[in-house]
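Can you keep this structure in mind? I'll have questions shortly.
The shown structure was predicted, so the numbers you read here are calculated from the model rather than taken from an experiment. Chain letters run A, B, ... following the sequence lines, proteins first and then strands; every chain starts at 1.
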Amino acid sequence: MKKYISIIGPTASGKSALAMNLARTLNGELINCDSVQIYKGFDIGAAKPSPAEIQEIPHHLIDILSGHEDYDARSFARDAEEKIADIRSRNKTPIVVGGTGLYLRALWQDGFHDLPKSSELRETLKDLNTDELRQKLDQLDPERSKEIHGNDRFRLQRAVEIASLLGHSIKDLPPPSSKRTESFVIYLQIDRKTLSARIAQRSQIMLDQGLIDEVKHLLTQGISEKAKPMQSIGYHEVIQYINQVYKKEDLIEKITIATRQYAKRQETLFRKIPKDFIWNQDSSLDDLIQVAKDHLGLNR
RNA sequence: GGCUUCUUAGCUCAGUCGGUAGAGCAGUAGAUUGAAAAUCUACGUGUCCCCAGUUCGAUUCUGGGAGAAGCCA
């Protein structure tokens, strides 16, 4: 018997709308699994649900952090598990919605490690070039080092950080096991062309709704350009525009392209995840609800 | 109307002292020990604007044509 529903799919595929429909009929509550919607004030660019939607159906793990705070997959898994248990205890249906694959993996695995981190160490590692990082990692965790490409300084740096703090190879930790089977997984499938058009349209809407002002407001509030959510799609491009890296008329194109590329990466990641229900244009909501009820044991 | 410059991959352009061509971006596929809306990897045949001439051979040289931009009228 499944404990909760997960709705996954590329960005702009319509996850939120489907989630709302399911929540209405299944007495559900939504748990956000999107690494940007977690943040307060990042509304337009993160395509957050509207206040009306949030009022109608409870949404969890939205607006729980301010822009300069750190979050990670392990924290998400812990928070989401707590919410799932809480929602179930009230005899409602938890529905996890979002496109952040790493967070989903964390939630779906038992023994997903709470790896150490240190912002101080991170600062010092930032000054090293990739060769120096590689040398360090070869010393600290040669096995892990083999897995990371020389140009992937993001992973090299984090791997050095982990190995240093851990004091041993990350490979010595017990491997996590899957508990994905606890979730009824719905995948939103949408053809590339349609998605591409939707993304372009949504980018325009974001700008029309005042994405630039939202970014300026966040900056005024003291959120750094370098803050994590400011690196995300839409925000990063607006910052570039503000810094005159490119022109206003190019902004829509930049955001659209970055979003499409992200959607493509999501599809690659989700391709290998087993799904319980593929939702596409021909799907019927009644069918989905029936299948979901069966899996969740909601028929009586 | 005259002069000048340009016309090469979906886009912006490089290049070939004559032997049919390559970068960036876009696109496609992939990775993901977890900072992930991040980060990284692989993949490059296209009437080299058209027609004719010279040549063993022209995208490259010559002539003509078409289109674009700038300057002068």
Quiz prompt | Pairwise 5' ranking along RNA chain B for R260(A) and A47(A), keeping only the more 5' one | solution =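 With R260(A) and A47(A) compared, the 5'-side residue is R260(A).
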Quiz item: At under 4.0 Å between heavy atoms, what does G45(A) touch on the DNA or RNA strands: base, sugar-phosphate, or nothing?
Solution: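 Base contact.
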Quiz item: Taking only side-chain nitrogens and oxygens of R144(A), does any of them come within less than 4.0 Å of OP1 or OP2 of rU33(B)?
Solution: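 Yes, R144(A) has a side-chain N/O under 4.0 Å of OP1/OP2 on rU33(B).
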Quiz item: Are the side chain of E161(A) and the backbone N or O of L121(A) linked by a donor-acceptor pair below 3.5 Å?
Solution: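 Such a contact is absent between E161(A) side chain and L121(A) backbone.
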Practice problem: Would you jot down, in residue-number order, the residues of residues 203-224 of chain A having a non-hydrogen atom under 4.0 Å from RNA chain B? | Solution: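 Within residues 203-224 of chain A, no residue comes under 4.0 Å of RNA chain B.
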Quiz item: Should the ring pair F184(A) and H295(A) be called parallel, tilted or perpendicular, given that the plane angle runs from 0 to 90° and is split at 30 and 60?
Solution: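 Plane angle between 30° and 60°, so tilted.
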Self-check item: Value in whole Å for how far the C1' atom of rA29(B) lies from CG of L269(A)
Solution: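 Going from L269(A) (CG) to rA29(B) (C1'), I get 14 Å.
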Quiz item: In residues 235-247 of chain A, what residues come within less than 4.0 Å of RNA chain B, judged by heavy atoms?
Solution: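 Heavy-atom contacts with RNA chain B come from no residue of residues 235-247 of chain A; none.
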Quiz item: Whole Å only: how far is the CD atom of Q261(A) from the C1' atom of rU39(B)?
Solution: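 These atoms are roughly 13 Å apart.
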Practice problem: Return the minimal non-hydrogen interatomic distance between N32(A) and I38(A), and the atom names on each side. | Solution: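 Shortest heavy-atom separation between N32(A) and I38(A) comes out as ND2-N, 3.6 Å.
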Exercise. Mark yes or no for whether Q139(A), through its side chain, and K136(A), through its backbone, hold a donor-acceptor pair below 3.5 Å.
Key: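 No, because the side chain of Q139(A) does not come within donor-acceptor range (under 3.5 Å) of the backbone of K136(A).
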Quiz item: Heavy atoms under 4.0 Å, any strand shown: does R265(A) hit a base, just sugar-phosphate, or nothing?
Solution: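 The residue R265(A) makes base contact.
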Quiz item: If you measure from the P atom in rG44(B) to the same atom in rU7(B), how many Å do you get, rounded?
Solution: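 Looking at atom P only, rG44(B) and rU7(B) are 25 Å apart.
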Exercise. Examine rG27(B): is either OP1 or OP2 under 4.0 Å from a nitrogen or oxygen in the side chain of K264(A)? Give yes or no.
Key: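 No, no such contact exists.
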Self-check item: Side chain to side chain, L251(A) and V238(A), heavy atoms closer than 4.5 Å
Solution: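 Counting from C-beta outward, L251(A) and V238(A) do come under 4.5 Å.
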Quiz prompt | E237(A) side-chain N/O to G234(A) backbone N/O, donor-acceptor pair under 3.5 Å | solution =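 Yes: the side chain of E237(A) pairs with the backbone of G234(A).
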Quiz item: Are OP1 or OP2 of rU28(B) and a side-chain N or O of R192(A) less than 4.0 angstrom apart?
Solution: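 Yes, within the criterion.
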Quiz item: In terms of hydrophobic clustering (I, L, V, M, F, W, Y; side-chain heavy atoms under 4.5 Å; direct or indirect links), are I95(A) and I54(A) co-clustered?
Solution: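 No, because I95(A) and I54(A) fall into different hydrophobic clusters, even though each may have its own neighbours under 4.5 Å.
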Quiz item: To the side chain of I170(A), which of rU33(B), rU41(B), rG30(B) is closest?
Solution: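 Of the options given, the side chain of I170(A) lies nearest rU33(B).
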Quiz item: Between L156(A) (CG) and rU41(B) (P), how many Å, whole number?
Solution: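 In whole Å, rU41(B) P lies 11 Å from L156(A) CG.
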Practice problem: Determine the Euclidean distance between corresponding C1' atoms of rU59(B) and rU45(B); express it in Å to zero decimal places. | Solution: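 Straight-line distance between the two C1' atoms is 14 Å.
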Exercise. Confirm from the modelled atom types if R155(A) and rU33(B) form a donor-acceptor pair under 3.5 Å, side chain to base only.
Key: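 Not at all, since no donor on one side and acceptor on the other fall under 3.5 Å apart.
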Exercise. Could you tell me whether K264(A) and E267(A) make a salt bridge, using a distance below 4.0 angstrom between a side-chain N and a carboxylate O?
Key: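 Not counted as a salt bridge, because no side-chain N and carboxylate O are separated by less than 4.0 Å.
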Self-check item: Interatomic distance where NZ belongs to K254(A) and P belongs to rU12(B) [whole Å]
Solution: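 One finds 14 Å between P of rU12(B) and NZ of K254(A), rounded.
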Quiz item: With no hydrogens and no angle check, is any side-chain donor or acceptor of R134(A) less than 3.5 Å from a backbone partner on I148(A)?
Solution: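 Flag set: sc R134(A) to bb I148(A) pair under 3.5 Å.
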Quiz item: Given the rule that I, L, V, M, F, W and Y join up when any side-chain heavy atoms are under 4.5 Å apart, are L18(A) and Y187(A) in one cluster?
Solution: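 The answer is no; the residues belong to distinct hydrophobic clusters.
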Quiz item: Looking only at atom P, what distance separates rU47(B) and rU4(B), rounded to whole Å?
Solution: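 Rounded to whole Å, the distance is 31 Å.
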Quiz prompt | Touch class at under 4.0 angstrom, heavy-atom based, for I148(A) against every strand present | solution =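 Here I148(A) touches no strand at all.
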Quiz item: Same cluster or not: are V185(A) and F270(A) linked, directly or through other Ile, Leu, Val, Met, Phe, Trp or Tyr residues, by side-chain heavy atoms under 4.5 angstrom apart?
Solution: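 Cluster IDs for V185(A) and F270(A) match.
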Exercise. Pick base, sugar-phosphate or nothing for D70(A), based on heavy-atom distances below 4.0 Å to the nucleic acid.
Key: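 Nothing: the residue D70(A), judged by heavy atoms under 4.0 Å, touches no strand.
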Exercise. Determine the interatomic distance between C1' on rC48(B) and the same-named atom on rG15(B); round to the nearest Å.
Key: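 My reading of the C1' atoms in rC48(B) and rG15(B) gives 10 Å.
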Quiz item: What stem regions, each of at least 3 consecutive Watson-Crick or G-U pairs below 3.5 Å, can be found for RNA chain B?
Solution: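 Stems for RNA chain B, defined as runs of 3 or more consecutive pairs: B:1-7 with B:66-72, B:10-13 with B:22-25, B:27-31 with B:39-43, B:49-53 with B:61-65.
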Quiz item: Quick one: is K272(A) getting a side-chain N or O under 4.0 Å of the rG30(B) phosphate, OP1 or OP2?
Solution: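 No, because none of the side-chain N or O atoms of K272(A) sits under 4.0 Å from OP1 or OP2 of rG30(B).
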Self-check item: Sugar-phosphate only, base, or nothing, as touched by A258(A) at under 4.0 Å among non-hydrogen atoms
Solution: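 Nothing: the residue A258(A), judged by heavy atoms under 4.0 Å, touches no strand.
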Quiz item: Distance between the C1' atoms of rU60(B) and rC17(B), in whole angstroms?
Solution: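 Their C1' atoms lie roughly 10 Å apart.
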Exercise. Output yes when at least one side-chain N/O atom of R271(A) is less than 4.0 Å from OP1 or OP2 of rG30(B), else no.
Key: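 It does, given that an N or O in the side chain of R271(A) lies less than 4.0 Å from OP1 or OP2 of rG30(B).
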Quiz item: When you match D34(A) and N151(A) each to their closest nucleotide on RNA chain B, which lands nearer the 5' end?
Solution: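 Per heavy-atom nearest nucleotide, the more 5' residue is D34(A).
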Quiz item: Side chain of D72(A), backbone of R74(A): donor and acceptor closer than 3.5 Å?
Solution: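 The answer is yes, because a donor-acceptor pair under 3.5 Å joins these two groups.
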Exercise. Could you please name the option among rU33(B), rG30(B), rC40(B) that lies closest to any side-chain atom of R105(A)?
Key: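 The listed nucleotide nearest to R105(A)'s side chain is rU33(B).
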Quiz item: Quick check: does any side chain N or O of K117(A) sit under 3.5 Å from a backbone N or O of I162(A), one acting as donor and the other as acceptor?
Solution: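 No.
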